[in-house]
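Before any comments, here is the structure.
One-based numbering, in listed order, for ligands and for the atoms of each.
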Amino acid sequence: MTARRLLLLGPPGAGKGTQAQLLVERYRIPQISTGDMLRAAVAAETEIGIQAKAMMERGDLVPDEVVIGVAEERLAQDDAQRGFILDGFPRTGAQAEALDALLERLGTPLERCVALTLDEEEIVSRLLKRAEIEGRSDDNETAVRHRIAVYQEQTEPLVAHYEAQGILRRVEGTGSVEEVAKRIEEALG
Ligand code: ADP
């Protein structure tokens with residue numbers, strides 16, 4: 001099978017992580033989640049983790065140069081050479097440009113960007129539910145509302161960025177995990 005280089009874009013709570021997991025199994029390529037990597041860094045109390053902790057708890061973005069470094073290092077690893085699913089990166093224009101430049105240098109451009117869509121009230125209710133189950137420290141209502149605002153301001157413009165590249169597919173994020181997975185499967189062709 002040809003390498004699949006995929007990006008899942010969408011607001012917090014849209015189900016990117018869940019759907020990325022299914023794609024990992026389907027295509028046997030790694031999920032690259034900057035959120036997961038940063039949470040691991042916080043737990044391990046690395047320099048990056050110590051730096052990122054308070055920003056993450058507030059629902060603010062971690063600085064571009066930090067996240068770009070983390071993502072580039074991960075993309076350089078062996079298992080990412082036959083494809084990958086990016087989830088939660090890029091999240092700003094600067095991150096998208098850094099990613100474009102890196103993949104262009106490597107001669108391995110993104111193949112598809114799937115943008116999951118979900119309305120704001122559904123996002124909030126999903127995240128507050130997740131807070132009860134997982135107890136993630138940034139899933140309180142203030143931080144959740146803030147993450148949505150940050151998403152709308154900084155990340156949503158990336159939809160147009162990938163649309164201009166001709167690789168964007170919009171997928172409705174409502175419904176069951178299986179329904180959304182099916183829509184993504186269709187969008188990936
Ligand atoms: P969600 O999509 O549910 O908000 P993530 O797990 O993707 O959560 O990210 C959690 C937090 O980690 C973000 O709110 C942010 O502080 C930080 N983070 C993750 N990825 C990035 C990124 N690409 N750029 C900046 N900050 C990031």
Side-chain angles (χ1 to χ4, degrees), residues 6-21 23-24 30-75 80 84-103 110 113-159 161-162 171 173 177 180 184:
L6 311 173
L7 164 59
L8 285 180
L9 203 60
K16 297 184 299 290
T18 305
Q19 295 299 330
Q21 272 306 315
L23 294 168
V24 164
Q31 170 192 10
I32 300 186
S33 161
T34 44
D36 287 349
M37 287 189 278
L38 290 170
R39 275 186 291 280
V42 171
E45 299 181 344
T46 66
E47 203 176 312
I48 285 177
I50 291 164
Q51 213 184 323
K53 188 169 192 269
M55 298 177 234
M56 292 176 72
E57 280 176 356
R58 282 196 303 270
D60 281 327
L61 293 183
V62 173
D64 283 335
E65 60 274 19
V66 173
V67 182
I68 290 168
V70 167
E72 289 198 346
E73 204 174 294
R74 182 65 189 86
L75 281 162
F84 50 78
I85 303 146
L86 283 168
D87 146 26
F89 176 89
R91 246 180 167 90
T92 65
Q95 292 176 23
E97 297 200 347
L99 177 67
D100 283 351
L102 172 72
L103 295 180
L110 279 180
C113 170
V114 171
L116 288 173
T117 59
L118 203 69
D119 71 54
E120 179 161 345
E121 283 322 300
E122 171 103 27
I123 297 171
V124 174
S125 84
R126 282 195 192 185
L127 290 178
L128 294 179
K129 205 177 291 168
R130 182 168 83 186
E132 282 173 29
I133 301 166
E134 294 179 13
R136 238 175 75 168
S137 57
D138 60 348
D139 275 348
N140 62 77
E141 181 151 5
T142 313
V144 162
R145 298 253 177 220
H146 185 57
R147 272 152 62 209
I148 295 168
V150 168
Y151 173 80
Q152 288 166 342
E153 207 171 283
Q154 311 245 40
T155 310
E156 204 155 54
L158 300 188
V159 171
H161 177 86
Y162 293 109
V171 169
V177 169
V180 178
I184 292 177

Could you give the distance from OG1 (Thr155) to CD1 (Ile148), rounded to the nearest 0.5 Å?
-> 12.0 Å

Short N or O distance, Pro90 and ligand 1, threshold 3.5 Å exclusive = no

Can you pull out the closest protein heavy atom to atom 12 (O) of ligand 1? Residue, atom name and distance to 0.1 Å, please.
-> Met56 CE, 3.3 Å

Do ligand 1 and Arg147 have nitrogen or oxygen atoms that lie under 3.5 Å from each other?
-> yes

What protein heavy atom sits nearest atom 20 (N) of ligand 1, and how far away is it?
-> Thr34 OG1, 2.8 Å

Which residue and heavy atom of the protein sit nearest atom 15 (C) of ligand 1, plus the separation = Asp60 O, 3.5 Å

A student checking ligand 1 against Arg130 at a 4.0 Å heavy-atom cut-off should list atoms 3 (O)

Are any non-hydrogen side-chain atoms of Leu7 and Phe84 less than 4.5 angstrom apart?
-> no

Measure the distance from atom 17 (C) of ligand 1 to every protein heavy atom, then report the residue, atom name and distance (to 0.1 Å) of the closest one.
-> Leu38 CD1, 3.7 Å

Sub-4.0 Å atoms of ligand 1 with respect to non-hydrogen atoms of Lys16 = 2 (O)

min-distance protein heavy atom vs atom 8 (O) of ligand 1 -> Arg136 NH2, 3.3 Å

Can you measure from CD (Glu73) to CD1 (Ile32) and round to the nearest 0.5 angstrom?
-> 11.5 Å

Ion pair check, Arg145 and Glu121, cut-off under 4.0 Å | yes

Out of Arg39, Arg91, Gln95, who gets a non-hydrogen atom closest to atom 19 (C) of ligand 1?
-> Arg91

Contact (N/O only, under 3.5 Å) between Val62 and ligand 1 = yes

Evaluate whether atom CD of Glu45 has more than 12 neighbouring non-hydrogen atoms of other residues, nucleotides or ligands under 6.0 angstrom away.
-> no

